[in-house]
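Following: one structure in structure tokens, then a few remarks.
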Amino acid sequence: MKQRSKLLISIVAAVTLLSACSEQTTAPAKQPIENKEPKKQAPLELTRVESTNQPFTISLLPKFSLEAEEPGKDVVMHESEQEQWMRIELLPKEAKEQMETYAKERAMAVSEQATPFEGTLPFEDAIVYEASVDHSVVYIIGVTEDAPMFLTVFTKKEDNWLDRFMTMAKTIQRTETEASEQPNESFFTYKSSNQPFQANILNGYQAEAVEPGKDMIFLDEEKASMTVELIDDGADWSLIEEQAEQYVKASSKDGTVEKVTWTKGTLLNGADVYKSAITDGEVYVFVVKSGTPMRLTIFVQQADELDPFLQMAETIKRID
């Protein structure tokens, strides 16, 4: 009997020991806690440059450059995306009082369907409009802070770069203390007595009416010139384009005409351009349908003679 009791006790002890071992081996092992830190954003690569045309500096993103467009206006351009760019125009301090009027006028000149912009920009005080032009969007931004300025951004609907341009725009700093320190104007305002328009004419150039409905801007009318013809509402654009092509063809030295769509500037952006080589240079006819509808006929002998005419053409404003 005693032996049976001892045997029973031994069996119970063995079962208890096996059960304890089983519980110990099946208990889940604790996993080490991974200490994750939030990823740090890489700082933007910005390069500060100074305008040679206006008194300001700006920090640019990679592959962007700052270029003088005309007196009092600079543009930020991308090296490969020529349709994406921003114009910078510094204004005197008193201009901010009329910024609402100026901004609306400029927006309506781009498109009569321009509307106030409802997004956010990195400026405390700004009046902003946006307008659709074909496959592009134009933003007209009137900054009304202590250093007022106009920013005009041209970008694509499907690939909108407004944020990139605003990243650079918010770094703009004036390099002067008084507005009176700005350089003297290098142009004069021409008001036609022949057609209802005015334009800023660069010093050294002349402007005059040459016949009813035509004004000419020139250095030497026999060498380099631009003829301005305003187009009235209701015009037959197909006829105007046909006339432009035939005129360029007749002027061409070999009868060939190249047609392109202009993608620079504000007023000229989207214009149909007919051009060809002539005996002593090149001829261009711009057919501008939006903003201020007009036809521009430009003769140049040297390639660098074209840009001044385009700068002046951008300032043409109808004054009915």
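One is the number of the first residue; the rest follow in order along the sequence.
- For R87 and F150, the positive end is not near the middle of the six-membered ring at less than 6.0 Å and at most 45° from its axis.
- In this structure a side-chain-to-backbone donor-acceptor pair under 3.5 Å is present from Q82 to H78.
- Side-chain atoms of S276 and S252 include a donor-acceptor pair closer than 3.5 Å.
- Side chain of Q311 to backbone of E69: a donor-acceptor contact under 3.5 angstrom is found.
- Of the possible polar contacts, none joining the E208 side chain to the M216 backbone as a donor-acceptor pair under 3.5 Å is found.
- Results of the side-chain hydrogen bond (donor to acceptor under 3.5 Å, both in side chains) test with S59 over K170, Q173, R48 single out R48 as the only residue that passes.
- Taking all atoms of both residues into account, the shortest heavy-atom contact from V137 to E130 is CG1-OE1, 4.1 Å.
- A donor-acceptor pair is defined here as one N or O able to donate and one able to accept, closer than 3.5 Å; no such pair exists between the side chain of D272 and the backbone of V260.
- Judged by distance alone, with hydrogens and angles left aside, the side-chain atoms of N53 form a donor-acceptor pair with the main-chain N or O of K73 at under 3.5 Å.
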Test side-chain contact (heavy atoms from CB on, under 4.5 Å) applied to M149 and F123, step by step: CA-CA 11 Å; M149 61 182 170; F123 301 104; 4.0 Å; yes
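- Note that CE of M166 and OG1 of T120 are 11.0 Å apart. Values are rounded to the nearest 0.5 Å.
- If you check the side chains of D254 and T256, you find a donor sitting under 3.5 Å from an acceptor.
- At least one donor-acceptor pair closer than 3.5 Å links the side chain of T315 to the backbone N or O of N200.
- Here the CG-CD1 distance, from L121 to I127, works out to 12.0 Å after rounding to the nearest 0.5 Å.
- Under the 6.0 Å cut-off for aromatic ring centres, Y205 and F187 do not qualify, their centroids lying 6.0 Å or more apart.
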Y284 vs F299, ring-ring contact (aromatic ring centres under 6.0 Å, His included): CA-CA, chis, key distance, verdict: CA-CA 7 Å; Y284 297 78; F299 288 93; 9.6 Å; no
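- The backbone N or O of Y247 lies less than 3.5 Å from a partner atom in the side chain of S251, making a donor-acceptor pair.
- Put simply, CD on Q198 and NZ on K317 are 6.0 Å apart, with the number rounded to the nearest 0.5 Å.
- The shortest non-hydrogen separation linking L162 to F117 is CD2-CZ, 3.9 Å.
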